[in-house]
Amino acid sequence: MLQDYRNPWLYRGMWVYLLLLVGALLLPVFYTIYISFNEHGFGAQIYDFTWDWYRVMLGNTQIIDSLRWTLGLGAATVAIAVPMGLIAAKHYKRTRHKLVLVTLMLAPLFVPADILGSALLVYFKNLNRACNWLADTLGLEWIRTWFELGFGTALVGQVLWTVPYAFIVILITMSRYHAQQTEAARSCGATGWQAFWRVEFPQIRVGVASASAFVFILSFNEYTRTNLLKGGFDTFTTVLISHMFNTGMSEDSYAMAGTVSVISMLVVGGVLVWSLARVERLEREARAAATPLGSA
Amino acid sequence: MSGNSELAVETLELGRRYGRVTALEGVNLRVTKGSYFVLLGPSGGGKTTLLRLIGGLVRPSAGRVRLHGRDVTDLPANERPTTMVFQSYALFPHMSVARNVGFGLALRRVAKREVRERVDRMLDLVGLTGYQERMPHELSGGQQQRVQLARSLVLDRDVLLLDEPLAALDEKLRKEMCFELKRIQEQVGITFIHVTHNQEEAMTVADRIAIIASGRLIEEGSSREIYEHPARRFTAEFIGETKIFEGTVEAADGARARVDIGIGVIEVGNRDANVRVRDAVSISIRSELLELLAPDETASAAMQSVPATYEKTIYLGLTSSHRVRLPDGAEVGVRRFSGARGTARIEPGAQVRLAWHMEDARLHTS
Ligand SMILES: Nc1ncnc2c1ncn2[C@@H]1O[C@H](COP(=O)(O)OP(=O)(O)OP(=O)(O)O)[C@@H](O)[C@H]1O
Ligand SMILES: [Mg+2]
């Protein structure tokens, strides 16, 4: 594509523009991080570097608790949404009704967060009432708490919303895979599972890893659905936002915001670099294959 | 139920449909143990489908498959005594050559040392000694196909299925690999079933050839039978360059038939076809068996001929095609070795006769 920018200044200009744009978009984030290291907090005239706000944050048991819940929820969401996305992507390759499948899979993306969240909330409340009724009338005590708001319901909300992303990311990697290799593996004696695990999976691993990182970050940063469905516990973002609503931004809120942003950017950036490096390697290999070494 | 155990593969009324498309129908194929069998036919004819049905990669919608007398119709690929070589993209790109070849053995938990030895032996057989640590993308197309071959052969299965294994190679390499495949098959002695739409490739490797077209098994025989004595008109048309006349039988006995082909009446042998008066028939003659008689020559008694107008000669290297036009407008090519002596120069537009020996013409009813 380089030859399209025959004017080198135009090409450089594009880069400057891109960097400025990204910079402008990320400026508030960096500013937040910057403030979080100032001993005097937001709006102060002087800037004295300090780790104190992070120390305060780490000393706050509520925050640490919420961090634990956040990580747990993220891990559980990844553990469920990514395999679901993988299965859906595999099914997509096989089915003849591709349009129906894609529409169904992507539908949760088109529902606004607060609507999806409150719809689920109503749904769980009704289920909860039904379970309570069953528990009371039939004496099925063990189902009483099935749909009480809590970790489980928040997890459902997050999975519902993140599966489409996992599906798309994995599907994109899968399109590079030649199904013939599965057949070759089968005719070498591999069972369906062995063919998947030993031949297909190693080749779509990048997609699965990216999907996991993506889903984790989505879950980590999510507020609306979690807040509606969480019941008794708190996550990092719900704590942060309730802080902001109740007491305004305090210095340790900046430290929290800084932590969230840094973790997100590290995970996303890390996966991006890793998968780009891998894609580049694959392309190098493809080029090498196109110009074989030596003849047969 | 057990069938003939002299047969490596036997299919019974085998068929496969994809929705409304019938990919294959009513195929009864019999492949003798240890033979090199070729499935030849035009694109979309159903060759791949048949091969995949034998290998257990697709389920038939009708019929049964038997391998060595055992009914395997309901077994998946990994439980059949078959293994397969694909056209391309079938090597595992994340594994070295050695791991590719050893893949099936590793699945069977064969000891590492033995895997290494057997892999080495197979690479030796296919002429790739020393390539163990290369990755698939570091190999040429021909080498990749050899690795696939080794990966299949190392499993010691009874039947090797090859789906257009040479189609991605250039002409010269393909010829080389044909001889190589034949040599390897003779050496290992297992049954090879090889799909191709390339006639020359088929003739080079095959003990027997089956013609597959429009989802059906058209005809089966040795290379020579298929080429020289095709029973079906389709085969005659598909193999080599052939002139087909259509006509109606005027008179027939057990030995000969007289057929009206519109531009004349010709005689043809009737021993195999056994046609009767008023049957609609076709007559095929291969282009290298046709002759051009200059205006001043006359046909000998044993020859049949029709009038034609000479148009031009197309030089094709080894052979040349002399083009003539028949009174009904059809164009016919007569093949001769380009350097052959005694080809008289004929002026374009000259009235000539297109002639052939009666026994070189084949009579077909279907
Ligand atoms: N998975 C499929 N879904 C639908 N139709 C199919 C499928 N596989 C094959 N067919 C159809 O079945 C017919 C036979 O296909 P097949 O691949 O067996 O032909 P072939 O002889 O191998 O052709 P080629 O020489 O081009 O490889 C074709 O009409 C094809 O369109
Ligand atoms: Mg095919």
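The structure presented is a predicted model; accordingly, all values stated were derived computationally and were not measured. All chains are named by letter (A, B, ...) in the order of the sequence lines, taking the proteins before the strands, and each is independently numbered beginning at 1.
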Applying a strict 4.5 Å limit to non-hydrogen atoms, the region of A/Ala179 in contact with chain B is neither
Just by distance, with hydrogens left out, do B/His194 and B/Glu201 show a side-chain donor and acceptor under 3.5 Å apart? yes
Taking every non-hydrogen pair under 4.5 Å, which of B/Pro93, B/Ser88, B/Gly104 racks up the most with chain A? B/Pro93
Specify which of B/Ala77, B/Gly55, B/Gly56 makes the most heavy-atom pairs with chain A at under 4.5 Å. B/Ala77
Please flag which part of B/Leu91 lies under 4.5 Å from any non-hydrogen atom of chain A: side chain, backbone, both or neither. backbone
Which bit of B/Arg157 comes within less than 4.5 Å of chain A, counting heavy atoms only: side chain, backbone, both or neither? side chain
Contacts of B/Ile190 that satisfy side-chain contact (heavy atoms from CB on, under 4.5 Å) - sequence neighbours left out: B/Leu153, B/Leu160, B/Val188, B/Phe192
Selection from A/Gln194, A/Arg96, A/His178 maximising heavy-atom pairs under 4.5 Å formed with chain B: A/His178
Where is the tightest heavy-atom contact between A/Trp274 and A/Ala209, given as atom of each residue plus distance? CZ3-CB, 3.4 Å
Between B/Phe103 and chain A, which part of the residue has a heavy atom less than 4.5 Å away: side chain, backbone, both or neither? side chain
Relative to chain A, which segment of B/Met95 carries a heavy atom at a distance below 4.5 Å: side chain, backbone, both, or neither? side chain
Suppose we call two aromatic rings close when their centres sit under 6.0 Å apart. Are A/Phe236 and A/Trp69 close by that rule? no
Mind checking side-chain contact (heavy atoms from CB on, under 4.5 Å) for A/Phe216 and listing every partner two or more places apart, or none if nothing turns up? A/Leu71, A/Val78, A/Phe220
Using a strict threshold of under 4.0 Å (side-chain N to carboxylate O), is an ion pair present between B/Arg17 and B/Glu25? no
Part of A/Gln181 lying under 4.5 Å from any heavy atom of chain B: both
Is it the backbone or the side chain of B/Ser152 that comes under 4.5 Å from a heavy atom of chain A, or both, or neither? neither
Going by distance alone, is a donor N or O of one side chain under 3.5 Å from an acceptor N or O of the other, for B/Gln132 and B/Ser96? no
salt_bridge(B/Arg174, B/Glu200) N-O dist < 4.0 Å: no
For B/Arg52, is it the side chain, the backbone, both or neither that has a heavy atom under 4.5 Å from a heavy atom of chain A? side chain
Chain B heavy atoms under 4.5 Å from A/Gln203: which part of the residue, side chain, backbone, both or neither? side chain
